[in-house]
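Written out below as structure tokens is the structure these notes cover.
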2 protein chains.
Amino acid sequence: MVMATGRDEWVEAAYERFAEHGLAAVRVEPLAAALGTTKGSFYWHFSSRAELIAAVMERWEERETLQAIDVAEASGPPAERLAALFQAVASRARGRQGEATLYVEAVEEGVMAAVERVSQRRIDYIAGLLVELGLDPQEAQRRGVVCLAMVLGLQQLGTGTSGSLTAVRDPELARTALAMALAV
Amino acid sequence: MVMATGRDEWVEAAYERFAEHGLAAVRVEPLAAALGTTKGSFYWHFSSRAELIAAVMERWEERETLQAIDVAEASGPPAERLAALFQAVASRARGRQGEATLYVEAVEEGVMAAVERVSQRRIDYIAGLLVELGLDPQEAQRRGVVCLAMVLGLQQLGTGTSGSLTAVRDPELARTALAMALAV
DNA sequence: ACCTGAACACCGTTCAAGT
DNA sequence: ACCTGAACACCGTTCAAGT
């Protein structure tokens, strides 16, 4: 008798496909094949693909929250923490292409709420650092939005690695982005 | 006898679906239904869906080039032209959600070359303005990349309109983004 | 030259039947 | 309780047959 495929293994396998290729790449049949089981098994554990997607987003939100706390825990002055954040995103981008398209896919898949909560946390975290640096709270909030947009956009531009767009791989990019974020 | 559906009508119908919902939303069968014809007709004009996608990107590149020239033609000092660009993107975003996910989809669909050419033109245009404003050419190029990233990211954040992320709809955002772009 | 309609493959979903 | 395997719908693709 072979070990049964638990709900958790479905979610974890789906999570990996999401992180690497996005939500649209989370497909029941290929997943079943990869796990060496059948679609029928999947539909015993889940009522639909949508339920699987929701579980993936839940897991993402948890991990994203933990990691945000990790970043926050990293001590040092605010400017340094912001620099570390940009640097972390820049280096973490590869292998996490899934997030590059998440905002759009979240609408299609009906899981925008989780994405908005995580975005808000990210914006608040950046805005908090900028307030520590002396910015007006409202302007800091706006700048937090623009910084998150930078990160998402850079992630997106970095996706087509093979190409002629060499400027995207300039190692000085993170420094320039930081300077723009901190500009008074 | 009814008017035959020409290749051009297929491309234009596909282009509209791309602009509103992205490349993934360009599907042969629904398109055929919308045009009141059959998939068989489609495969007379095109060898595959990929060929249709390529034609859509060609059209996009042409129109994007024309529009870039339009923006460039708009006279005024460089800072004003940059402001107009951010403003244009901000207001044009609705109804053009298709581009929000384009960088990722372009890889999947094998049409990254066109996207990179357009990106390079956009970056060069912004960098050119920044050089006029006295920036070092290399730094201007990097900042052009970050500005394009901002635009793509803001477009992405703007996609889930219905939500709690109110900061994204702050009308002052464009001004903040411009200030960050111009910061010395 | 251009199109229809039937066929097949792929994947989401259902369900009767098995252990 | 958990899974298999067959069925059906949806859409990309092919193709023989029509006009």
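Residue numbers start from 1 in every chain, and the chains themselves are labelled A, B, ... in the order their sequence lines are given, proteins ahead of strands. This one's a predicted model, so the numbers in the text were calculated from it and none came from an experiment.
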State which residues pass side chain to side chain contact (heavy atoms under 4.5 Å, CB included) with [X]; sequence neighbours excluded, sorted by chain then number.
X       : answer
V118(A) : W60(A), E61(A), E64(A), R121(A), R122(A)
P30(B)  : R27(B)
A127(B) : A140(B), Q141(B)

Between [N] ([atom2]) and [X] ([atom1]): distance, integer Å:
X      : N       : atom1 : atom2 : result
I53(B) : dG12(D) : CD1   : C1'   : 12 Å
R49(A) : dT13(C) : CZ    : C1'   : 12 Å
W44(A) : dT13(C) : CH2   : P     : 18 Å
E29(B) : dA7(C)  : CD    : P     : 16 Å
W10(A) : dG12(C) : CH2   : P     : 10 Å
F42(A) : dG12(C) : CZ    : P     : 8 Å

- Secondary-structure stems for DNA chain D, with pairs counted as Watson-Crick or G-U when both distances are under 3.5 Å and runs at least 3 long: C:4-8 with D:12-16, C:12-16 with D:4-8
- Pairs involving residues 34-44 of chain A, ordered by first then second residue, that meet side-chain hydrogen bond (donor to acceptor under 3.5 Å, both in side chains) (sequence neighbours left out): E29(A)-K39(A)
- Query: The side chain of P30(B) lies closest to which of these nucleotides: dC11(D), dC3(D), dC11(C)?
  - Reply: dC11(D)
- Query: Any idea which of dC3(C), dG12(C), dG12(D) is nearest the V28(A) side chain?
  - Reply: dG12(C)
- Excluding sequence neighbours, so at least two apart, what forms salt bridge (Lys or Arg N to Asp or Glu O under 4.0 Å) with D8(A)? R59(A)
- Task: Applying salt bridge (Lys or Arg N to Asp or Glu O under 4.0 Å), name anything that partners E62(A), two or more places apart in sequence or on another chain.
- Result: none
- Could you tell me whether the phosphate oxygens of dC3(C), OP1 or OP2, come under 4.0 Å of any side-chain nitrogen or oxygen in H45(B)? yes
- Query: Can you check whether S41(B) has a side-chain N or O nearer than 4.0 Å to OP1 or OP2 of dC2(C)?
  - Reply: no
- Would you mind building the protein contact string for nucleotides 14-19 of chain D? One character per nucleotide, 5' to 3', B for base within reach (heavy atoms under 4.0 Å), S for sugar-phosphate only, - for untouched. B-----
- Do the ring planes of Y15(B) and F18(B) sit parallel (below 30°), tilted (30 to 60°) or perpendicular (above 60°)? perpendicular
Using residues 175-184 of chain A as the side-chain source, report each donor-acceptor pair under 3.5 Å to any protein atom, sequence neighbours left out, with the distance given to one decimal.
| residue | atom | partner | partner atom | Å |
| --- | --- | --- | --- | --- |
| R175(A) | NE | E172(A) | OE1 | 2.9 |
| T176(A) | OG1 | E139(B) | OE1 | 3.2 |
| T176(A) | OG1 | E139(B) | OE2 | 3.3 |
| T176(A) | OG1 | R142(B) | NE | 3.3 |

- Roughly how far, to the nearest 0.5 Å, is the CG atom of L152(B) from the CG atom of L102(B)? 9.0 Å
